[in-house]
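Everything below concerns the one structure shown next.
In the text below, chain A, chain B and the rest are named by the order of the sequence lines, each starting its count at 1.
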Amino acid sequence: MQAHYSPREVEAQAQQLWNERNAFAATEDNAKPKYYCLSMFPYPSGKLHMGHVRNYTIGDVLTRFHQMKGYNVMQPMGWDAFGLPAENAAMASNVAPAKWTYDNIAYMKKQLKSLGFAIDWSREVATCTPEYYRWNQWLFLRMLERGIVYQKTGTVNWDPVDQTVLANEQVIDGRGWRTGAVVEKREIPMYYMSITQYADELLSELDKLSGWPEQVKLMQKNWIGKSFGVRVGFPHSIEGGGTLWVFTTRADTLMGATYVAVAAEHPLATLAAQTNPALAAFIEECKKGGVTEAELATQEKKGMATGLSVTHPLTGEQLPLWVANYVLMGYGEGAVMAVPAHDERDFAFAGKYALPIKPVIRTASGDTTPAPWQEAYAEHGTCINSGKYDGLNFDQAVDAIAADLSAKNLGEKKTTLRLRDWGISRQRYWGTPIPIIHCETCGSVPVPDDQLPVRLPEDLIPDGSGNPLNKCAAFLNCTCPKCGKAARRETDTMDTFVDSSWYFLRYCSPGADKMVDERASYWMPADQYIGGIEHAILHLLYSRFWTKVMRDLGLTKTSEPFANLLTQGMVLNHIFFRKGDKSGITYFAPDEVDLTRDDKGTILSVKSRADGEPVEYGGIGTMSKSKKNGVDPQGLIEQYGADTARLFMMFAAPPENTLEWSDAGVEGASRFLNRLWKAVHAHVEKGVVAAYVGGDLSVELKAMRFQTHSTLQKVSDDYARRKIFNTVIASNMELLNALGKLNDDSAPARAVVQEALELATLMLSPIVPHISHALWAALKPGAVLLEASWPTVDASALEQDEIELVVQVNGKLRGQIRVAKSASKEQIEDLARTSPNVQKFIEGLMIKKIVVVPGRLVNIVAG
RNA sequence: GCCGGGAUGGCGGAAUUGGUAGACGCACGGGACUCAAAAUCCCGCGGUGGUAACACCAUGGGGGUUCGAUUCCCCCUCCCGGCACCA
């Protein structure tokens, strides 16, 4: 063994052995329990960032731990390779997205390999390959056949200057990112996947996901947003008459409705605007701006009367019909009944436009006297001012009103979802082509299976003026599969969430000539899924949905894809930017700026290093390519080695914590590995010994074994149950510190030290596998760490004759006592009461009570 | 705005089921080694008072439950994630 730790050599040797043995190739093996360890695959943005290192190190730690525990493990990797950044990169540097993507994959794969992850690369997938995306197309067609895919219009951001659809990310303060033009909402036809058909199952199965964090399940539940209410019809005589339908969860307040509001895109609004130029202008104004819910929910609530009215279904009263920007066409009926007395938003709106406010509920908090708004106004209560419904409580009133509406054919109880169907059409080039052909005679015709995959040309370069597929004759021109006449290919591509909704199933069937084969039923569900908390809703919900669709098509037996979920906290970093003249934002990497801070560390000013001019500070946020605040781990790996990078990342915080990036502490991680190396070296230099197996030990050596095995006990629990690794490292640091203080070269001592070093090496090996490989070989000549199993705790080492108890007086620490393990409660109380420090504090007081917590403390309550 | 989460020394964090707050590490200060530096090793390190023993205060802020609260409950502030076309 070399005296000095050289990460470069150690890591090269370990990796060479793993390669030679093809150590991480996984095969189906029914003799062992399987463990499918899945990490969210990366978008090949160019370089790994610290979030990736964190994610994949966590996955690798769990993979290696379970391998040692005797599981048949499989850890695959792949690339979420379609998406917008490739098109942006193409525009910026005139490289085709395909080349850019494949180059990035090659580089990032090299980085992942250098980190020594136990990945089975034979299962690698890249979603931008025809071998992968043909199955997106194939399943799309199956879903189309079963009515799970259908077409309807959807709202998109439209840049009127570039004449192109913009992603939400490309809309900044309501303007196009390149043109600075005010963005407009536009309705276009799109394909939808009917996830709402699966809403009930997606909701009810959440309860069975015992390995998922409660917060994620709660977020999904709220996102699906099943709510019970009443659909209410307001008859009207507009354009020959009809009924305006709304949905409400507060039918008990129907008698307090004083107006009705519809979305700007609602047919009645369009109708009213035909004869009302002011209203038409208002509707146009409502169309300005982006489509995100956050933007709509925070914008100023505005409205305009249409001059039309609808009839209250129970009172026959005429209620004014308004158009309001806070009513969303895509949610519910695109219309709401407004009860200003009991809804905060309606209340503010009524105040602004002098609409009547009619209290109809008496809540527990008292009478409903308007202005200013109080939370209590929205509480459930007893009906008042409601005619025959007076005195009814919430449930009674809803039942009675729903029954009366139903008798008039103007309503019924109804369940609604907040969840909307999933629009998958994207007006973009770099994605899976939607396998549809448009024929003048036959309409939209599905591409026959034997013509799949519809291949995406790989040599186009977008220029910002829309989808380049629209200008690519070779792609566009085709023949109709039905009638054989010349036809036009669909140019929309699929949302990249489609790609990521089933990649974990494809990992199980590498090379299969179908979407998935029977090997998937061996591996699925994934035993552990690890990825960023930012995916808590969309990606995880879509994946659950696709898995269920595939199950219903008989492709898999799995209903839920991920048995256990670990949501990794984000790695955050500072964001710096400068706004251009129009609207474009230029981001600056943290190492491109200089900061001035006050003595509390608050950032006062930021200047660009390049030009010395001021730069704006955008707070902290997730590391991302687009914000240029990602930190490339390559420097760290080159300077300190993969093990230090892995150790540092795991030591910095528990996996689920948000982590503000700082490299402070890397030195400490590196120092620890050096100390560990030196400790093993110093030990083996004195000759090879066998680990302790039995025999009398001094008090000190017993204590050493006690610490070794309590560390092992704690660490086993941290890996298996808690999935927290910073404490694994900390307790092994303590163990090494204790070993360093042991100055004993006797034969029993050397055996105890051998045992401790062997166990420390095994305990740390999932985190730092390379150095552990070398240390293991040094401690046990001829042994190979890959073949080692997880060690077991020696219960006899944990036995103690005496224990220390803390003594409190009135909850404050006043002393410690040592008692025999077998001491009775009375003996403990006596010892506690008579210990000198304690006496000082209870002198002259009456002891009211003594609380003894076995093995922990004694609290004397006195007064 | 809505949904979810977080806040503990100068910094990252520990305290696992309500039981010794600050483990472990970073930074910093002092010392040893050295011609010197680096590396390494040893000691100190929440605040206030005190020579010290020790005492009091302290887990974002305010209240509550309890013998005992970083942990449970209520209210508030700030920060982070998501909000359906970033992935």
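- Remark: the separation of the P atoms in B:rG12 and B:rC86 is 31 Å, to the nearest Å.
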Do A:R675 and A:L736 pass the side chain to side chain contact (heavy atoms under 4.5 Å, CB included) test, and can you show the C-alpha distance, the side-chain angles, and the key distance before you say yes or no? CA-CA 8 Å; A:R675 290 203 305 125; A:L736 191 66; 4.1 Å; yes

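- Residue contacts shown for A:Q215 are limited to sugar-phosphate atoms, with no base heavy atom under 4.0 Å away.
- When the C1' atom is used for both B:rG19 and B:rC24, the distance is 22 Å, rounded to whole Å.
- If you check every strand for non-hydrogen atoms under 4.0 Å, A:P42 touches nothing.
- Nucleic acid contact class of A:I620 (heavy atoms, under 4.0 Å, all strands): sugar-phosphate only.
- When atom types are taken as modelled, the side chain of A:Q427 and the backbone of A:V165 share no donor-acceptor pair closer than 3.5 angstrom.
- OP1 or OP2 of B:rG4 lies within a sub-4.0 Å distance of a side-chain N or O belonging to A:N222.
- On the C1' atoms, B:rG60 is 11 Å away from B:rC79, given to the nearest whole Å.
- No more than 12 heavy atoms of other residues, nucleotides or ligands lie within 6.0 Å of CD in A:E843, so this atom counts as exposed by the packing criterion.
- Look at the P atom in both B:rU71 and B:rG1: the space between them is 27 Å, to the nearest Å.
- Within the 4.0 Å cut-off from OP1 or OP2 of B:rC86, not a single side-chain nitrogen or oxygen of A:N88 is found.
- Considering only side-chain N and O atoms, A:N657 lies under 4.0 angstrom from the phosphate OP1 or OP2 of B:rG13.
- Residue A:R814 places none of its side-chain N or O atoms closer than 4.0 Å to OP1 or OP2 of B:rU20.
- Contacts of A:H539 with the nucleic acid, taken as non-hydrogen atoms under 4.0 Å apart, are absent.
- Contact annotation: A:K812 reaches the phosphate of B:rC57 (side-chain N/O to OP1 or OP2, under 4.0 Å).
- B:rU20 and B:rC72: their P atoms are spaced 15 Å apart (whole Å).
- Look at A:R671 and you'll find a side-chain N or O under 4.0 angstrom from OP1 or OP2 of B:rA27.
- Across every strand in view, B:rG25 sits in a pair with B:rC11 that passes the Watson-Crick or G-U test at under 3.5 angstrom.
- A 4.5 Å side-chain heavy-atom check between A:F82 and A:T432 finds at least one atom pair inside the cut-off.
- Using a 30° and 60° split on the angle between ring planes, A:H52 and A:H49 fall in the parallel class, below 30°.
- Residues A:I533 and A:A167 each lie close to RNA chain B; by heavy-atom proximity, the contact nearer the 5' end of the strand is made by A:I533.
- Side-chain nitrogen and oxygen atoms of A:S662 include none within less than 4.0 Å of the OP1 or OP2 phosphate oxygen of B:rC11.
- Proximity of A:R722 to the phosphate of B:rA15: a side-chain N or O atom is located under 4.0 Å from OP1 or OP2.
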Please encode protein proximity along nucleotides 59-75 of chain B as a string of B, S and -, counting only heavy-atom distances under 4.0 Å. --------BS-------

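- The gap from the P atom of B:rC80 to that of B:rG30 amounts to 38 Å, rounded to the nearest Å.
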Go through A:Y640 and A:E667 one step at a time and tell me if the side-chain hydrogen bond (donor to acceptor under 3.5 Å, both in side chains) criterion holds. CA-CA 9 Å; A:Y640 298 97; A:E667 288 287 349; 2.9 Å; yes

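- Using a 4.0 Å heavy-atom cutoff across all strands shown, A:Q816 reaches at least one base atom of the nucleic acid.
- Between the side chain of A:K678 and the base of B:rU40 there is no donor-acceptor pair of N/O atoms closer than 3.5 Å.
- B:rA14 and B:rG6 have their P atoms separated by 13 Å, given to the nearest Å.
- Across all strands shown, A:N674 has no heavy atoms under 4.0 Å from either base or sugar-phosphate atoms.
- The residue A:F672 sits apart from the nucleic acid: no heavy atom pair falls under 4.0 Å.
- Within 3.5 Å, no donor on the side chain of A:R675 pairs with an acceptor on the base of B:rU40, nor the reverse.
- Taking atom P in both B:rA27 and B:rG81, one finds a spacing of 29 Å when rounded to whole Å.
- Between A:Y326 and A:F349, the two ring planes are perpendicular [angle over 60°; tilted spans 30° to 60°].
- Between A:W661 and A:F648, the ring-plane angle classifies as perpendicular under the 30° and 60° cut-offs.
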